[in-house]
Number of protein chains: 2
Amino acid sequence: MMKYRRIPEETIRRMPRYLRAFSTLGGHGRGFLSSRQLADYLHLNPPQIRKDLSYFGDFGTRGVGYPVSQTAEQIRKILKLDVSQKAVLIGAGRLGTAIASYPGFAIFGFNIAAIFDNAPAKIGKKIAGLTIQDTARLAAIRSGDVHLAILAIPGEAAQTCADTLVQAGVRGILNLSPCWLRVPKRVKIVSIDLAMEMGTLPYYIK
Amino acid sequence: MMKYRRIPEETIRRMPRYLRAFSTLGGHGRGFLSSRQLADYLHLNPPQIRKDLSYFGDFGTRGVGYPVSQTAEQIRKILKLDVSQKAVLIGAGRLGTAIASYPGFAIFGFNIAAIFDNAPAKIGKKIAGLTIQDTARLAAIRSGDVHLAILAIPGEAAQTCADTLVQAGVRGILNLSPCWLRVPKRVKIVSIDLAMEMGTLPYYIK
DNA sequence: TTGTGTTTGTACTCACTTTCACAAGCTCAT
DNA sequence: ATGAGCTTGTGAAAGTGAGTACAAACACAA
């Protein structure tokens, strides 16, 4: 393994991609994937993949490639996705409902443990097998070991909701509302606004 | 204005953020915003914002800041968001429905012009004021000037659907399915898999 | 008109990230 | 055992982007 070097942020950002590639291309476990095959699939360059993976260990075999199930498991360990990660979902609107029933989270070991909403009409109803709870009771999650939250609510409520989540012990937030949240530095935020992400597309056309 | 320099990819990626910041912070038009104010809101450094904007012109006034409505309009021009951009939405499932009714697209000038799905049960029904059409008729959009598409369908169907879209003249795709699409180089893709984006969060916890 | 305070635009420097090139190491056929 | 053919791991080079520091320019008060 490479003698210690700081692991680039960008490398971390690519790790989930590698995990998905191994899951998708690797079929059901046995077998090997070369950096070339991975690169073709992910639209990256082979050396970049090799270097990224080598930051964490010598997972590959020269002349052969990377063993599918073993390497996938290693990446899960690195990303701490080898244990089921509980997350709460805030917002049972259309987007929240879509997320609750999206099977993609399971691949990464995420487990949506509870759903909250503040609309009285929704509280008590079930989506994806979970009963919608009142946002007012959000603080209660402190007792369980929930460190992740998905925020699928309109922008106005997002900041106060984030504050509550941080209070309740949440350490990572996937923010789908169109605003920038202020949180303590120990809390990690990933913000996605679909409309904004789309905002660059016309620039590249023609 | 700065003598010509290649505009960094990252600068382009930030432009929609600036546009949103001007829209959100700027209130209803008149007034100025300084790079400091923008930076506080967007969690960026003031010089970066100044440099980014200066690639496209001298929009600011020294000692004052950037005029809200004027600069917003300039950014819209740069990103080609000053004219309404038509987009088709493929997939009328839960995610598709959420997107169709998300008001955020309007801020960036996107106009969802049609919705397609291949499930017979859905075709003919209406969501967000639009009648769901059969995916088989996707090629028909060639006649209208639609250059953008939003892909909100399961992974298996995504590639063939993308092929059809490219055939039909689409030049930019917001891909929400968990796969990497193969398209001609002239077509720009923005891919987002919510589960995968969330995949880095546990790494940073503790 | 002059001085103070503020903010932009940008050259320069520094940091980070990607790509290249190749030695090291594995497999398999002969 | 040996050589041919691959593929990994990585130091060094190239490329890209971010941060610093400061001159230029504006507003406003005296």
On DNA chain C, check which nucleotide each of B:G63 and A:P8 is closest to and give me the residue with the more 5' one.
-> B:G63

5'-most contact on DNA chain C: B:S34 or A:R50, nearest heavy atom basis?
-> B:S34

Return the value, rounded to whole Å, for the distance between atom [atom1] of [X] and atom [atom2] of [N].
X     : N      : atom1 : atom2 : value
B:Q48 : C:dT10 : CD    : P     : 16 Å
A:F59 : D:dT10 : CZ    : C1'   : 15 Å
A:L38 : D:dT7  : CG    : P     : 12 Å
B:D40 : C:dT7  : CG    : C1'   : 14 Å
A:R6  : C:dT18 : CZ    : P     : 11 Å
B:F32 : D:dC28 : CZ    : P     : 10 Å
A:I49 : D:dT10 : CD1   : P     : 16 Å
A:D52 : D:dT8  : CG    : C1'   : 14 Å

Between A:F56 and A:F59, ring centroids under 6.0 Å | no

Compute the ring centroids of A:Y102 and A:F105, then answer whether they are less than 6.0 Å apart.
-> yes

Counting only side-chain heavy atoms from C-beta out, which of [options] sits nearest to [X]?
X     : options                : result
A:Y66 : D:dG11, D:dT8, C:dT17  : D:dT8
A:R14 : C:dA11, C:dT8, C:dT18  : C:dT18
A:E9  : C:dT17, D:dG17, C:dC22 : C:dT17
A:P47 : C:dC20, D:dT16, C:dG9  : C:dC20
A:N45 : C:dT19, D:dT8, D:dG11  : C:dT19
A:K51 : D:dA18, C:dT19, C:dT17 : C:dT19
B:R62 : C:dC26, D:dA25, D:dG11 : D:dA25

With a 4.0 Å cut-off on heavy atoms, is [X] in touch with a base, just the backbone sugar-phosphate, or nothing at all?
X     : answer
B:R36 : nothing
A:S35 : sugar-phosphate
A:R13 : nothing

Would you tell me if any nitrogen or oxygen in the side chain of B:S54 comes within less than 4.0 Å of OP1 or OP2 on C:dT10?
-> yes

Would B:E9 and B:K188 pass as an ion pair if we require N to O under 4.0 Å?
-> yes

Thinking salt bridges, do A:R14 and A:D52 make one under a 4.0 Å N-O criterion?
-> yes

Quick check: does any side chain N or O of B:Q70 sit under 3.5 Å from a backbone N or O of B:P67, one acting as donor and the other as acceptor?
-> no

Checking B:S23 side chain against B:L19 main chain: does a donor-acceptor pair fall under 3.5 Å?
-> yes

